[in-house]
Amino acid sequence: MGSDPEMARHLIDNIFEIKDLLGNPQEIYPGDKRMHLHKIRSVTNVDFNNMIFFDDNPRCVLAGKSLGVISIKLDTETGLCWSKVTEGLSIYQENKKQTNK
């Protein structure tokens, strides 16, 4: 596995076992993350405020946040780890609590 997109696909397909949950809205490639997130929203009909986005690039994280996506900055050394997944899920849960008040 040489590229980040290749690694991401491997994780989705083989490690996290979430491919069936996602269908096929995999927008994993370099470029403007706002465009990618818009494409994912159009394919899945999931609102931005119900998405969690992980990236190691601060500009990409800011792009996600600008759309209202929960955007988590990853460490370039460790990448996506369980603590970052739980961080994203905690923020999502807290946002839902605030919305339901």
Side-chain angles (χ1 to χ4, degrees):
M1 271 172 279
S3 68
D4 291 339
E6 196 175 324
M7 174 62 87
R9 283 188 193 90
H10 173 74
L11 289 172
I12 287 172
D13 293 346
N14 301 302
I15 306 300
F16 292 125
E17 299 177 3
I18 57 175
K19 186 176 182 178
D20 292 338
L21 295 173
L22 294 175
N24 199 20
Q26 297 178 28
E27 294 292 328
I28 305 169
Y29 47 88
D32 180 8
K33 298 306 177 187
R34 287 178 295 238
M35 180 182 72
H36 298 165
L37 293 166
H38 275 284
K39 287 178 82 174
I40 290 170
R41 184 181 70 172
S42 71
V43 169
T44 63
N45 291 321
V46 173
D47 291 333
F48 289 136
N49 63 341
N50 288 321
M51 293 182 188
I52 304 174
F53 170 64
F54 302 92
D55 205 293
D56 64 348
N57 184 316
R59 288 179 302 180
C60 295
V61 171
L62 288 175
K65 286 182 179 183
S66 75
L67 296 174
V69 174
I70 297 165
S71 301
I72 306 296
K73 166 74 171 74
L74 300 178
D75 183 281
T76 55
E77 299 279 323
T78 57
L80 184 60
C81 58
W82 188 246
S83 66
K84 292 297 184 177
V85 172
T86 57
E87 178 184 341
L89 292 172
S90 295
I91 293 169
Y92 177 82
Q93 185 177 32
E94 187 59 35
N95 288 355
K96 287 300 169 192
K97 285 180 186 175
Q98 296 299 321
T99 303
N100 292 331
K101 284 186 177 180

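Just so it is clear, the values below take in all heavy atoms, side chains as well, and ignore hydrogens, waters and symmetry mates.
Side-chain atoms of Asp47 never come within 3.5 Å of backbone atoms of Asn49 as a donor-acceptor pair (strictly under, hydrogens ignored). Between the side chain of Ser71 and the main chain of Val69, a donor-acceptor pair closer than 3.5 Å is present.
The hydrophobic clustering, which links ILVMFWY residues whose side-chain heavy atoms are closer than 4.5 Å, places Leu74 and Ile91 together. There is a path of hydrophobic side-chain contacts, each under 4.5 Å, that joins Leu67 to Val46. By the criterion of side-chain heavy atoms lying less than 4.5 angstrom apart, applied directly or through intervening Ile, Leu, Val, Met, Phe, Trp or Tyr residues, Phe48 is grouped together with Ile40 in one hydrophobic cluster. Linking ILVMFWY residues whenever their side-chain heavy atoms come closer than 4.5 Å, directly or via other members, places Ile70 and Leu80 in the same cluster.
Proximity of Lys84 to Asp75: side-chain heavy atoms (C-beta onward) are nowhere separated by under 4.5 Å.
More than 12 heavy atoms of other residues, nucleotides or ligands sit less than 6.0 Å from atom NZ of Lys73.
In this structure, Asp55 and Lys33 approach most closely via the heavy-atom pair OD2-CE, 3.5 Å.
How far CD1 of Ile72 is from OG1 of Thr86: 9.5 Å, rounded to the nearest 0.5 Å.
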